[in-house]
Amino acid sequence: MTSVHGGIIRRSPNVNPDQVNTMSQIVTRFAPSPTGHLHIGGARTAIFNWLLAKNAGGKFFLRIEDTDRARSSQEMTDAILDSLSWLGISWDGEPIYQSERSELYNQCVEKLLETGHAYWCSCTPEEVDAMREKARAEGKKPKYDGSCREKGLGPGENHVVRFKGPETGKTVFKDMVKGMVAVEHAELDDMVIRRPDGSATYNLAVVVDDSDMGVTRIVRGEDHLSNTPRQILIYEALGLTPPEFGHVPLIHGPDKKKLSKRHGARSVTEYRDDGLLPEALFNYLVRLGWSLGDQEIFSRDELVASFTTDNLSSSAAAFDPDKLSWLSAHYIKEADPAHLAKLLPAYLEPLGFSGVAQDKLAAIVPLYQPRAKSLVEMAESARFFLVADADLEYDAKAVKKILTDEAAVHLAKLKELFSGVEPFTVAGLEEAAKQYLDENELKFKAIAQPLRVAVSGSTVSPGIFETLEVLGRDSVLGRMSRALDQAS
RNA sequence: GUCCCCAUCGUCUAGCCUGGCCCAGGACACCGGCCUUUCACGCCGGCGACGGGGGUUCAAAUCCCCCUGGGGACGCCA
């Protein structure tokens, strides 16, 4: 009564080459339940499965587990698909909806009934609860006690169908990340596979669907590990070959506790709203629980080329917002400025800036690529570039500290000089400033901060000449005038 | 409670399968320095771990056992 699965050898000797080929095609899937947004745990699972398929040149399917009609919604389904797309994950064919497949499930339940692998049960939920309570009280595993196993009941009011599992022996399988896992059949109880209303339960539907979809490898969260022996038993009873399973540990919060809303159990959408690039989240999630030597940064192509299940970690990982932030900064540095300029308006809008010209943004972006950790941060820092000169707000403390009488003298001179600088570029401005500095035997420090405060309103900005160039002559001169007014 | 899974720096991890090259390597964070025009970037350096106990062995982070700790599952949810 021992069954072993998951080995690599699954070919029978007499199949023809063509068939071997189709059979060896790798098929993976991601099966979210549309009862909430796509969270990072689910996103990581999706990524792993997608990568697995891509690496093998196989297929990656989507299945929407929406059998819980009350809690599922089309809006959530759409949101999940959106998140996947944003991450750059594409799927083969159309998503499959479990809610449309009850007929298939019922056929399989019938087959199980006919072959003696399932039976009707008339026990009420209350009765079953009592059985479980009793077992628990005796220090045993809470289980349905199998009262109806041999009763030979038929369909009837409030009758469910239960799977008739083996009572002895054990199921052993080779998990792609855990290795050999064994569970005694005595630990399992006869699970309900069909409810009184005729609907199928999770374990049955999953098996039927994965088999029907031709899924060959399943990577999923460790919370499904204990379901696996049950599912394997259903595969066997149905005369089907189980796929290979890989159970990745759940992601923990930074405190090693359960992932909570507070620190990371957030949806992919929220990270997008925070101004992360999808590349950063993708890279971070992959590295959380998977590694390839010492490499930290991976392009998508590298990942597709090198991702295998061998390097998946078997121990749980904690979510680290700092490291994610570091990756975000990295990908912003690497990104094409024009691309970022296209993304920026979405983050500028909430700040009250809309319809900013693309070429203007494209000029601003490079100044912030080395400093911004997110697009939100970039948008906020870039504010002073976008406000009208007359609306620029001056930080009182900065004005008091930097725009001294002496600074005002320099600013006045510089303003005159700048009005004639041609071209109005970093090189031209630098040259003009240098000349002024040399003539008056001044250090650059004497004018850097005054200029910065004059044009940005604060003591912080990108390099001053870059800032001046991007601002343009009119703004620079206008703002310098305003600064001189403030100073006096 | 029962069963299953897991255990290297604060965090992500390499190394573990095929013991010696590991008084344990990389990255994030942190600390210090350099660069400098503010803030960042960058560069250099530092701090910092094999959970505990038994074995096996000439030799153990690596193999075995126990303990402890953590997580998950025990649904007519998925």
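First the proteins, then the strands, lettered A, B, ... as listed; each starts at 1.
- As judged by a 4.0 angstrom heavy-atom cut-off over every strand, T459(A) is placed among the base-contacting residues.
- T228(A) is linked by a side chain to side chain donor-acceptor pair (under 3.5 Å) to R220(A), H247(A), counting only residues two or more places apart in sequence or in another chain.
- Separating the P atom of rC50(B) from that of rG33(B) is a span of 29 Å, rounded to the nearest Å.
- Annotation for E406(A): atom CD does not count as buried by contact number, only 12 or fewer foreign heavy atoms lying within 6.0 Å.
- Taken residue by residue, residues 129-137 of chain A places heavy atoms nearer than 4.0 Å to RNA chain B at R132(A), R136(A).
- When the side chain to side chain donor-acceptor pair (under 3.5 Å) test is applied to R195(A), the partners found at least two apart in sequence or on another chain are S199(A).
- Spacing between rU2(B) and rA49(B) at atom P, rounded to whole Å, works out to 36 Å.
- Contact check on R63(A) versus E65(A) returns a salt bridge, with a Lys/Arg side-chain nitrogen under 4.0 Å from an Asp/Glu carboxylate oxygen.
- Among the nucleotides rU2(B), rA78(B), rU37(B), the one closest to any side-chain atom of K141(A) is rU2(B).
- Between rC74(B), rC76(B), rC12(B), one nucleotide has an atom nearer to the side chain of P142(A) than all others, and that is rC74(B).
- Checking rC76(B), rU37(B), rA73(B) against every side-chain atom of R452(A), the shortest atom distance belongs to rU37(B).
- Among residues at least two apart or in separate chains, there is no ring-ring contact (aromatic ring centres under 6.0 Å, His included) pair with a member in residues 123-149 of chain A.
- G463(A) comes within 4.0 angstrom of a base, heavy atoms only.
- Within the nucleic acid shown, N227(A) comes within 4.0 Å of at least one base atom, counting heavy atoms only.
- Between F307(A) and F48(A), the distance separating the two ring centers is shorter than 6.0 angstrom.
- You'll find that the side chain of V460(A) is closest to rC39(B), out of rA40(B), rG72(B), rC39(B).
- The pair E430(A)-K434(A) does not meet the salt-bridge criterion, since no charged nitrogen lies less than 4.0 angstrom from a carboxylate oxygen.
- Taking the side chain of E187(A) as heavy atoms from C-beta on, and the options rC5(B), rU2(B), rU37(B), the nearest nucleotide is rU2(B).
- When only modelled atom types and interatomic distance are considered, D78(A) and Q74(A) share a side-chain donor-acceptor pair under 3.5 Å.
- The residue I464(A) sits close to a base: some heavy atom pair falls under 4.0 Å.
- Nucleotide rC6(B) holds its C1' atom 12 Å from the CG atom of D175(A), rounded to whole Å.
- Of the candidates rA78(B), rU37(B), rG71(B), the closest approach to any side-chain atom of Y202(A) belongs to rA78(B).
- Here the nucleotide nearest the side chain of R71(A), chosen from rC76(B), rC77(B), rG72(B), is rC77(B).
- The ring of H224(A) lies on top of the base of rA78(B), close enough and flat enough: under 5.5 Å between centres, under 30° between planes.
- rA7(B) and rG15(B) are spaced 16 Å apart, taking the C1' atom of each and rounding to whole Å.
- No side-chain donor-acceptor contact under 3.5 Å links Y105(A) to the backbone of R194(A).
- Positionally, the nearest nucleotide of RNA chain B for S313(A) lies more toward the 5' end than for the other of S313(A) and A31(A).
- Here G179(A) lies out of heavy-atom contact (under 4.0 Å) with every strand.
- Spacing of P atoms, rG46(B) relative to rC28(B), comes out at 15 Å, to the nearest Å.
- Counting only heavy atoms from C-beta on, K178(A) has its side chain closest to rC6(B) among rC6(B), rA78(B), rC12(B).
- Backbone-only engagement by T67(A) is indicated by non-hydrogen atom pairs under 4.0 Å involving sugar-phosphate atoms exclusively.
- For the C1' atoms, the distance from rU8(B) to rA60(B) is 14 Å, rounded to whole Å.
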Check: What does nucleotides 23-30 of chain B look like as a protein-contact string, B for base, S for sugar-phosphate only, - for none, at under 4.0 angstrom between heavy atoms?
Finding: --BBBBS-

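- Residue S315(A) is in sugar-phosphate contact alone, with no base atom involved, counting any heavy-atom pair closer than 4.0 Å across all strands shown.
- Defined by atom type and a distance below 3.5 Å, a donor-acceptor pair is missing between the side-chain atoms of H159(A) and Y119(A).
- A glycosidic torsion no more than 90° from 0 defines the syn conformation, and rC41(B) adopts it.
- Look at the C1' atom in both rU18(B) and rG55(B): the space between them is 22 Å, to the nearest Å.
- The shortest distance between the side-chain N/O atoms of T201(A) and the OP1/OP2 oxygens of rG75(B) is not below 4.0 Å.
- Base contact: P462(A) has a heavy atom under 4.0 Å from a base atom.
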Next item on the list: At under 4.0 Å between heavy atoms, which parts of nucleotides 43-51 of chain B does protein reach? Answer with one letter per nucleotide, 5' to 3': B base, S sugar-phosphate only, - none.
Entry: ---------

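- In the model, N49(A) has no side-chain atom that pairs as donor or acceptor with a side-chain atom of R29(A) under 3.5 Å.
- Heavy atoms of P196(A) sit under 4.0 angstrom from at least one base atom.
- Within 4.0 Å (heavy atoms only), C121(A) reaches no atom of the nucleic acid at all.
- S328(A) comes within 4.0 angstrom of nothing in the nucleic acid, heavy atoms only.
- Across all strands, Y284(A) comes closer than 4.0 Å to no nucleic acid atom at all (heavy-atom distances).
- Aromatic rings of F298(A) and W290(A) (six-membered ring for Trp) have centroids within the 6.0 Å cut-off, being under it.
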